[in-house]
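In what follows, every heavy atom counts, from backbone to side chain, and hydrogens, waters and symmetry copies are set aside. Sequence lines set the chain letters: A, B, ... in the order given, protein chains first and strands last, and positions in each chain run from 1.
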Amino acid sequence: MKSVRTRFAPSPTGYLHLGGARTALFNYLFARHHGGSFVLRIEDTDKARSSQEYVEAILDGLEWLGLEADEGPIFQSGRDELYRARVESLIESGDAYYCFCTPEELDAKRKAAQAAGRSSAYDRTCRDLGRTPRSGEACVIRFRCPAEGQTGFRDLIRGPVVFDNAELDDLVLVRTDGSPTFHLVVVVDDIELGITHILRGEDHLSNTPRQLGIFKALGAEPPVYGHLPLIVGADRSRLSKRHGATSVGAYRELGFVPDAVVNYLARLGWSHGDQEIFSRDELVECFDVEGVNKSASAFDMEKFTWVNFEHMRRMGDRELADGSLPFFPDDLRPAIDPTRLQAAIPLLRDRAHSLVELADQARTFVDDDVRFDAKAAARFLGEEEQGRLRALSDALESVDPWETTAIEPAFRALADTLEVKLGKLAQPTRVALTGGTVSPGIFELCEALGKQRTLDRLRNACEQAAAGTLPLAESEA
RNA sequence: GGCCCCUUCGUCUAGCGGUCCAGGACGUCGGCCUCUCACGCCGAAAACACGGGUUCGAGUCCCGUAGGGGUCACCA
């Protein structure tokens, strides 16, 4: 058996979206699982709609996801000779012909056909003209599609699929301007690159019999196809802008980590028993077209967020610290001490569902400019609390070593002495240290902050609260 | 509209004729834990689209119906 070769062939007419990313992923996994190779091909035959910007966006997206290709990117724009040679052989064998119908004529015929309820397929006016163009005469080249019989194939995911050839169209292979179209270049390149398996979106299902015809006319053995169910929005319609973010880059900016995106996308339309969380290696190990579903799957932000959370908690401190760095405010980032940030990660890991949240929660650990939430200060930094906090800072003064095991007893002893519940001490402390009412455990917080910072913040907050000069956080817009 | 594809809890899914009065996960709702918020733990509600067959027996096979989706370009 030939070794497996798959490909991902996006057209650079937009950013890498979730559907494309999943198609790339499945081809990647299939190739890796079978020890084969994965080729990246850029389908930029539509010069008007393709752009370098999108090429780079797609390349970036794939790199970020870690879906590196073994070959490519191969750009179709540089391979005209290849396509021309194949078309000539098709003309020669009679499998392709010149068509002189103008776009206006075709358009009119289509409309008339639709109005009359007939098939709007090309009426094959020029099919048997047997004419070659006079010099300078405008024409396209069409594929001579078998008019009778059936074209069927065994889909890797759907099983046997059959189309009546009568339903197929004599599609255009070469445009008036001499440029090759999608159907032609796809087939030629899949032959040239020796592609053995193609996993693509279900929207290509009806293209497959047409392309199979071209393979046959070219005397080439076609690859095996598998058509993936589409990803749809919560309303079950095709995923689009109105469903919110659809580009991979958007999720990167939302603080999703690549492994989580890969995991979630893999599980959308594919499963392996009851397992939900997969590492990259596990995916390569377990991936199998048997596990691919047939029906469209709805993108669910809630579950995606949970998957991200699960991956984040499996990441190392260093990795998370580095990953969260881009999500701090620009003016703060240069001042961040990596060691302090990293020390905060263990306290935050089970609290953040995204890198954005992580950076937000880590801020108080790396930024000594504490800003107070007005409501929190009003409620927890009154005179009574200030007294307790002064007593606390005195008590903490003698704590040694500065570890939770020593800090906690100090808190509890003071609470006993003051005859208050721990909460009456802990919550004001939290506000004094962080400016807000939400944070990791208070003892861990103190330890991570260090003795000096803890005492400084405690005393500062008391002074400022007493003087009515607490710097307030800007209220949420 | 023609053709093609699809149909298990709100969502992702397990199930490949009996072990399914349908299992897991997200989400939701209770509860526990608790210095706040999380995490964790325990528990609950929640689905085989419908109708015919085949079979001793169907979520699982077949055929219809309904619903959803895709596609019908000199776009890919």
Side-chain angles (χ1 to χ4, degrees), chain A residues 9-14 43-46 48-50 99 101-103 106-107 110 114 117-122 138-142 155 157-158 161-164 166-169 171-177 179 181-183 185-186 201-209 227 229-230 232 234 236-238 264 267-277 290-291 293-307 309 313 347-353 357 361 376 380 408 411-412 415 421-431 434 436-443 445:
Chain A
S11 64
T13 54
E43 312 225 317
D44 54 353
T45 52
D46 183 353
R49 297 201 301 156
S50 301
C99 168
C101 299
T102 66
L106 293 172
D107 204 42
R110 236 191 318 272
Q114 266 167 0
R118 284 177 284 119
S119 162
S120 62
Y122 175 56
C139 68
V140 298
I141 298 176
R142 286 183 185 273
D155 189 284
I157 294 160
R158 281 147 217 282
V161 180
V162 180
F163 288 82
D164 284 332
E167 296 295 329
L168 274 26
D169 213 346
L171 43 87
V172 172
L173 300 176
V174 178
R175 302 186 185 96
T176 307
D177 68 1
S179 64
T181 64
F182 164 73
H183 288 287
V185 298
V186 164
E202 192 193 343
D203 50 337
H204 282 290
L205 192 57
S206 58
N207 285 331
T208 301
H227 291 88
L230 262 22
V232 298
R236 296 261 124 202
S237 72
R238 194 176 189 155
Y264 180 69
R267 275 292 282 101
L268 211 49
W270 172 82
S271 62
H272 183 71
D274 284 337
Q275 188 170 350
E276 298 285 352
I277 302 299
E290 293 270 309
N293 262 260
K294 291 180 180 141
S295 52
S297 28
F299 178 78
D300 179 11
M301 192 65 176
E302 307 277 0
K303 185 150 185 178
F304 188 16
T305 301
W306 173 77
V307 171
F309 168 71
R313 63 197 310 195
L347 310 195
L348 267 17
R349 169 176 279 110
D350 287 341
R351 302 179 136 76
H353 285 71
E357 283 183 20
Q361 293 171 13
F380 292 108
E408 177 164 358
F411 265 81
R412 293 198 183 276
K421 287 195 161 188
L422 182 60
K424 293 281 183 196
L425 197 53
Q427 204 55 355
T429 305
R430 189 177 331 269
V431 177
T434 68
T437 53
V438 173
S439 86
I442 201 71
F443 315 123
L445 176 64

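Not a single ring-ring contact (aromatic ring centres under 6.0 Å, His included) links H272(A) to another residue, sequence neighbours left out. In terms of the ring-ring contact (aromatic ring centres under 6.0 Å, His included) criterion, residue partners of F299(A) (sequence neighbours excluded) are, by chain and number, Y251(A), Y264(A), F304(A). Under the ring-ring contact (aromatic ring centres under 6.0 Å, His included) criterion, F163(A) pairs with no residue at all, not counting sequence neighbours. Taking the side chain to side chain donor-acceptor pair (under 3.5 Å) definition, one finds that D169(A) meets it with nothing, sequence neighbours left out.
C101(A) comes within 4.0 angstrom of a nucleotide base, judged by non-hydrogen atoms across all strands. Counting non-hydrogen atoms under 4.0 angstrom, R313(A) reaches the backbone sugars and phosphates but no base. Using a 4.0 Å heavy-atom distance criterion, H227(A) is classed as making no nucleic acid contact. Counting any heavy atom pair closer than 4.0 Å across all strands shown, T45(A) reaches sugar-phosphate atoms only and no base atom. As judged by a 4.0 angstrom heavy-atom cut-off over every strand, R49(A) is placed among the base-contacting residues. Residue contacts shown for V162(A) are limited to sugar-phosphate atoms, with no base heavy atom under 4.0 Å away.
Nearest-nucleotide mapping onto RNA chain B: of V140(A) and F304(A), the residue sitting toward the 5' end is F304(A).
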Where protein sits on nucleotides 8-25 of chain B, one letter per nucleotide: B base, S sugar-phosphate only, - none, heavy atoms under 4.0 Å: ---SBSS--------BBB
Where do N or O atoms of nucleotides 34-38 of chain B meet protein N or O atoms at under 3.5 Å, pair by pair?
residue: C35(B); atom: O2; partner: R430(A); partner atom: NH2; Å: 2.4
residue: C35(B); atom: N3; partner: I442(A); partner atom: N; Å: 3.2
residue: U36(B); atom: O4'; partner: Q427(A); partner atom: OE1; Å: 3.2
residue: U36(B); atom: O2'; partner: T437(A); partner atom: O; Å: 3.1
residue: U36(B); atom: N1; partner: R430(A); partner atom: NH2; Å: 3.3
residue: U36(B); atom: O2; partner: T437(A); partner atom: O; Å: 3.3
residue: U36(B); atom: O2; partner: S439(A); partner atom: N; Å: 2.9
residue: U36(B); atom: O2; partner: S439(A); partner atom: O; Å: 3.2
residue: U36(B); atom: N3; partner: R430(A); partner atom: NH1; Å: 3.1
residue: U36(B); atom: N3; partner: S439(A); partner atom: O; Å: 2.5
residue: U36(B); atom: O4; partner: G441(A); partner atom: N; Å: 3.1
residue: C37(B); atom: O2; partner: R351(A); partner atom: NE; Å: 2.9
residue: C37(B); atom: O2; partner: R351(A); partner atom: NH2; Å: 3.3
residue: C37(B); atom: N3; partner: R351(A); partner atom: NH2; Å: 2.4
residue: C37(B); atom: N4; partner: R351(A); partner atom: NH2; Å: 3.4
residue: A38(B); atom: O2'; partner: D350(A); partner atom: O; Å: 3.0

